[in-house]
Colleague: 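This is the structure, below, for whatever I ask next.
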Number of protein chains: 2
Amino acid sequence: MPRSPIRRRLAEAATALFDERGYDATTVDDIAARAGVSRSTFFRHYRSKEDVIFPEHDALLAKVAARLAASTADTAVVAVCDAVRIVLAHYVDDAEVSLQRYRLVGKVPALRDREIASVARYQRLFREFVADWLDGSPDAALRAELMAASVVAAHNQVLRGWLRAEGRHDPFGPLDHALQYVITTFRHLEKPRGRETSDRVVVAAFRSSASPDTVMDAIRAQLDARPPADR
Amino acid sequence: MPRSPIRRRLAEAATALFDERGYDATTVDDIAARAGVSRSTFFRHYRSKEDVIFPEHDALLAKVAARLAASTADTAVVAVCDAVRIVLAHYVDDAEVSLQRYRLVGKVPALRDREIASVARYQRLFREFVADWLDGSPDAALRAELMAASVVAAHNQVLRGWLRAEGRHDPFGPLDHALQYVITTFRHLEKPRGRETSDRVVVAAFRSSASPDTVMDAIRAQLDARPPADR
DNA sequence: CGCTCAGAAGATACTCAGTCCCATCGCGTC
DNA sequence: GACGCGATGGGACTGAGTATCTTCTGAGCG
């Protein structure tokens, strides 16, 4: 069923009509008529009127989950930050559609709520992933919630900025910048996987009994991983 | 309109029916009938079927906004953390209703989405408040987003725990504990209002090309400002 | 070439949420 | 007792979403 030509026609008809008359003033019959199919057919291809606007979310969620599962990162934050890039990439790949949806969602409260619910699903996925990862450590559930919320918040902030700018700049730089806040906030709360160094990065830098210069370098590296405002 | 006896009757009828037959299997007519009023009257008192489950959210949002506006806290995080207590208090005050709603929401996806949308409104309020407060400082918008998301996440985590435990323990201790993470994470990123201490500990330490010992001390100081679980 | 069978599309009827409008009723006021 | 007014009842209407039945189409096969 994915990517059938009729799905495409329906989506195009819908966006055109939403653009011309607005979301509420457009009925499913209108959409079907413009696409040259029957109302029944519409509901065979989209579960609801809203679904025309928010497609592929399930597939994307699955992709993100797969990425998490395959992650080789040493900490949960890093794994999740890595995974959230997929989401942004998805928006950027379909910039045209994303922008159109953004404009529409800004006007229709029902759609806004729906979008928020979608985002919450990613957040939940992240939360559960992190909770599993951290399982056993103190306040695991709480930290998982905070991490997931922060990563999603960082993503949202960058995405909104990109959308407001009508997709004119590359958003991955800003995303990395934003995620740096999150990573530096949470990374030191975790023990990196595999190694049995019960300490944070900073301390590890000092463990290697190196020259002061080496120490300084390590520390600088640590600092470079921080958000600029902190330097 | 608030607190009319008929509103109460409707709410009681609705919760009873939702409990007996489930949410989807209960029609608005059923509710109205059991409450002994007409369908029209139902919609005069509640905008929608979902509204019977989520009352007072607007009023609560207003209360939270008022608390924020009247805040005397020295940093934005603290102000927001303080405000979020009102939300939890509201749930705890109506423990019976909150628990019933929790059970119902767990079963009906549509209600879950609706609740998420409600929470998003608080988050937005917080975000805008913090963004105003931080206005001008670097990455203000990003930090506002992160702070708001974190405070809400902390609240949600505690609330869910309390609900899962069927309201048997006091949740304000856990809430404060959770908010400590958030406050210690964000507080040092803000200049307390009024005072003019423009640097963070870390920066000062490394700018001065000091001996490794001085560096170590500075880092320890930095670590001491972190959440307890980290030490 | 024509038959068959299955999957996809059309057609129709139904339920129910939500909106609108109008008639009515209770009730206090003048 | 007439008037006004807010709240209620009642009924009509729109539109989303579901279920069911019929019709088409096209691929495979004799």
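Just so you know, these numbers come straight off a predicted model, no measurement behind them.
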Colleague: Any non-hydrogen side-chain atom of A/H45 less than 4.5 Å from a side-chain atom of A/V37?
Modeller: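 No, too far: nothing below the 4.5 Å cut-off.
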Colleague: Can you measure A/R39 atom CZ to D/dT20 atom P for me and round it to whole angstrom units?
Modeller: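 Result: 16 Å.
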Colleague: If you look at every strand shown and take non-hydrogen atoms under 4.0 Å, does A/S40 touch a base, only sugar-phosphate, or nothing?
Modeller: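 It contacts base atoms.
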Colleague: Closest to the A/T41 side chain: C/dG10, D/dA16, C/dA17?
Modeller: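 Nearest listed nucleotide: C/dG10.
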Colleague: What is the distance, to the nearest angstrom, from the NZ atom on A/K49 to the P atom on D/dG15?
Modeller: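 It is 9 Å, rounded to the nearest whole Å.
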Colleague: Using every non-hydrogen atom in the two residues, find where A/Y46 and A/R7 come nearest and quote the distance to one decimal.
Modeller: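 In this case the closest contact between A/Y46 and A/R7 is OH-O, 3.1 Å.
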Colleague: Taking all heavy atoms of A/Y102 and all of A/R160, pick out the closest pair and write down the distance.
Modeller: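 It is OH-O, 4.5 Å.
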Colleague: How long is the line joining OH of A/Y46 and P of D/dA16, in whole Å?
Modeller: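 My rounded result for the distance is 16 Å.
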Colleague: What parts of residues 9-26 of chain B reach DNA chain C, counting only heavy atoms under 4.0 Å away?
Modeller: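 Heavy-atom cutoff 4.0 Å gives B/T26.
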Colleague: Whole angstroms only, please: what is the CZ-C1' distance between B/R7 and D/dT8?
Modeller: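 Those two atoms, CZ and C1', are 17 Å apart.
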Colleague: Within this structure, what is the CD1-to-P distance between B/I53 and C/dA17, rounded to whole angstrom?
Modeller: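 Roughly 13 Å, once rounded to whole Å.
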Colleague: Between D/dG9 and B/S38, is there an OP1 or OP2 to side-chain N/O distance shorter than 4.0 Å?
Modeller: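 So the side chain of B/S38 is within the cut-off, an N or O lying under 4.0 Å from OP1 or OP2 of D/dG9.
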Colleague: Classify the ring geometry of B/F18 against B/Y23: parallel below 30°, tilted from 30° to 60°, perpendicular beyond 60°.
Modeller: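 It falls in the tilted class, 30° to 60°.
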Colleague: Grab the CZ-P distance between B/F42 and D/dA7 for me, whole Å please.
Modeller: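 Distance check: B/F42 CZ to D/dA7 P gives 18 Å.
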Colleague: Measure CZ/A/R47 against P/D/dG17 and give the value in whole Å, please.
Modeller: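 That distance rounds to 11 Å.
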Colleague: Nearest to the side chain of B/I6 - C/dA9, D/dT18, D/dT8?
Modeller: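 When the side chain of B/I6 is considered, D/dT8 is the closest of C/dA9, D/dT18, D/dT8.
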Colleague: Between B/H45 and D/dT8, is there a contact of a side-chain N or O with OP1 or OP2 at under 4.0 Å?
Modeller: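 Yes, B/H45 has a side-chain N/O under 4.0 Å of OP1/OP2 on D/dT8.
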Colleague: Which nucleotide wins on minimum distance to the side chain of A/V37, given the candidates C/dG10, D/dA16, D/dG9?
Modeller: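 Closest nucleotide to the A/V37 side chain: C/dG10.
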Colleague: Round to a whole Å and report the spacing from CZ of B/F43 to P of D/dT8.
Modeller: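 Checked: the CZ to P distance equals 15 Å.
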Colleague: Side-chain donor or acceptor of B/R44 under 3.5 Å from a matching atom on the base of D/dG6?
Modeller: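 No pair found.
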Colleague: Reckon A/S48 has a side-chain N or O less than 4.0 Å from the OP1 or OP2 of D/dA16?
Modeller: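 For D/dA16, neither OP1 nor OP2 has a side-chain N or O of A/S48 closer than 4.0 Å.
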Colleague: Parallel under 30°, tilted from 30 to 60°, perpendicular over 60°: which one fits the rings of A/Y122 and A/F126?
Modeller: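 If you compare the ring of A/Y122 with that of A/F126, the planes turn out tilted.
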Colleague: Test salt bridge (Lys or Arg N to Asp or Glu O under 4.0 Å) on B/D74 and B/R187 and set out the steps.
Modeller: CA-CA 10 Å; B/D74 63 341; B/R187 182 162 217 167; 3.0 Å; yes
Colleague: When you measure from the side chain of A/T27, which nucleotide among D/dG17, C/dC22, D/dG15 comes out closest?
Modeller: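 Nearest to the side-chain atoms of A/T27, counting from C-beta on, is D/dG15.
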Colleague: Under the 3.5 angstrom rule, does the side chain of B/D30 hit a backbone N or O of B/T27 as a donor-acceptor pair?
Modeller: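 The answer is yes, because a donor-acceptor pair under 3.5 Å joins these two groups.
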